Amino acid sequence: MKEIRDRYDVFLKVCETGSFSKAADALDYTQSGISQMMAALEEELEVQLFARAKKGVALTDNGIRLLPYIRDIVNQKEKLMQAAFNINNKIEGKLRIGCFT
């Protein structure tokens with residue numbers, strides 16, 4: 001089953017690879033899908049995050065300023081998912097052990 005990623009995860013992968021195409025390959029998406037997701041994120045934030053060129057993309061000054069906040073969001077989401085996993089898979093209760101000497 002394909003993992004669904006949010007725009008912030010995709011944003012970080014684009015930053016890491018410097019290319020919508022390379023990010024698409026790494027995440028098993030189409031280049032067009034990645035491009036649309038990043039355009040939607042830019043629209044949502046009302047900030048241009050990437051300078052687009054034929055050889056790839058680079059963060060704009062505004063993208064650089066927002067990068068630490070987006071990293072924090074992704075890290076907090078991972079912590080939330082881990083906490084939920086721990087709650088759902090935690091075994092609680094009393095364990096009584098009897099033994100003979």
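Everything numeric here is computed off the predicted structure, so don't read it as measured data.
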Rounded distance (nearest 0.5 Å) linking atom CG of L66 with atom CG of D72:
11.5 Å

Taking all non-hydrogen atoms of both residues into account, name the closest pair between A51 and T60 and its distance.
N-CG2, 3.7 Å

Could you measure the distance from the CG atom of N75 to the CD1 atom of I70? Nearest 0.5 Å is fine.
12.0 Å

Would you say M81 and I87 are hydrophobically clustered, going by side-chain heavy atoms of ILVMFWY under 4.5 Å?
no

Provide the closest heavy-atom pair for V14 versus A23 in the form atom of the first, atom of the second, distance.
CG2-CB, 3.7 Å

Between OG of S19 and CG of D25, what distance do you get to the nearest 0.5 Å?
8.0 Å

Heavy-atom check, side chain of R71 versus side chain of L12, under 4.5 Å:
yes

Exercise: identify the closest heavy-atom pair between E42 and L49
OE2-N, 2.8 Å

Distance-only polar pair, side chains of Q82 and N86, donor-acceptor under 3.5 Å:
yes

So with a 6.0 Å cut-off around CZ of R65, is the heavy-atom count from everything else above 12?
no

To the nearest 0.5 Å, what is the distance between CD on E44 and CE on M37?
11.0 Å

Interatomic distance, Q36 atom CD to R7 atom CZ [nearest 0.5 angstrom]
11.0 Å

Can you confirm whether or not the ring centre of Y29 sits under 6.0 Å from the ring centre of F20?
no

According to a hydrophobic-cluster definition based on side-chain heavy atoms being under 4.5 Å apart (Ile, Leu, Val, Met, Phe, Trp, Tyr only), do L80 and F85 belong together?
no

Hey, does K77 have a side-chain heavy atom less than 4.5 Å from the side chain of D6?
yes

Would you call F50 and L59 a side-chain contact if the rule is heavy atoms closer than 4.5 Å?
yes

Using the side-chain hydrogen bond (donor to acceptor under 3.5 Å, both in side chains) criterion, which residues pair with K22? Sequence neighbours excluded.
none

Just wondering, do V74 and E78 contact through their side chains at under 4.5 Å, heavy atoms?
yes

Could you work out, with side-chain hydrogen bond (donor to acceptor under 3.5 Å, both in side chains) as the rule, every residue matching Q31, not counting sequence neighbours?
none

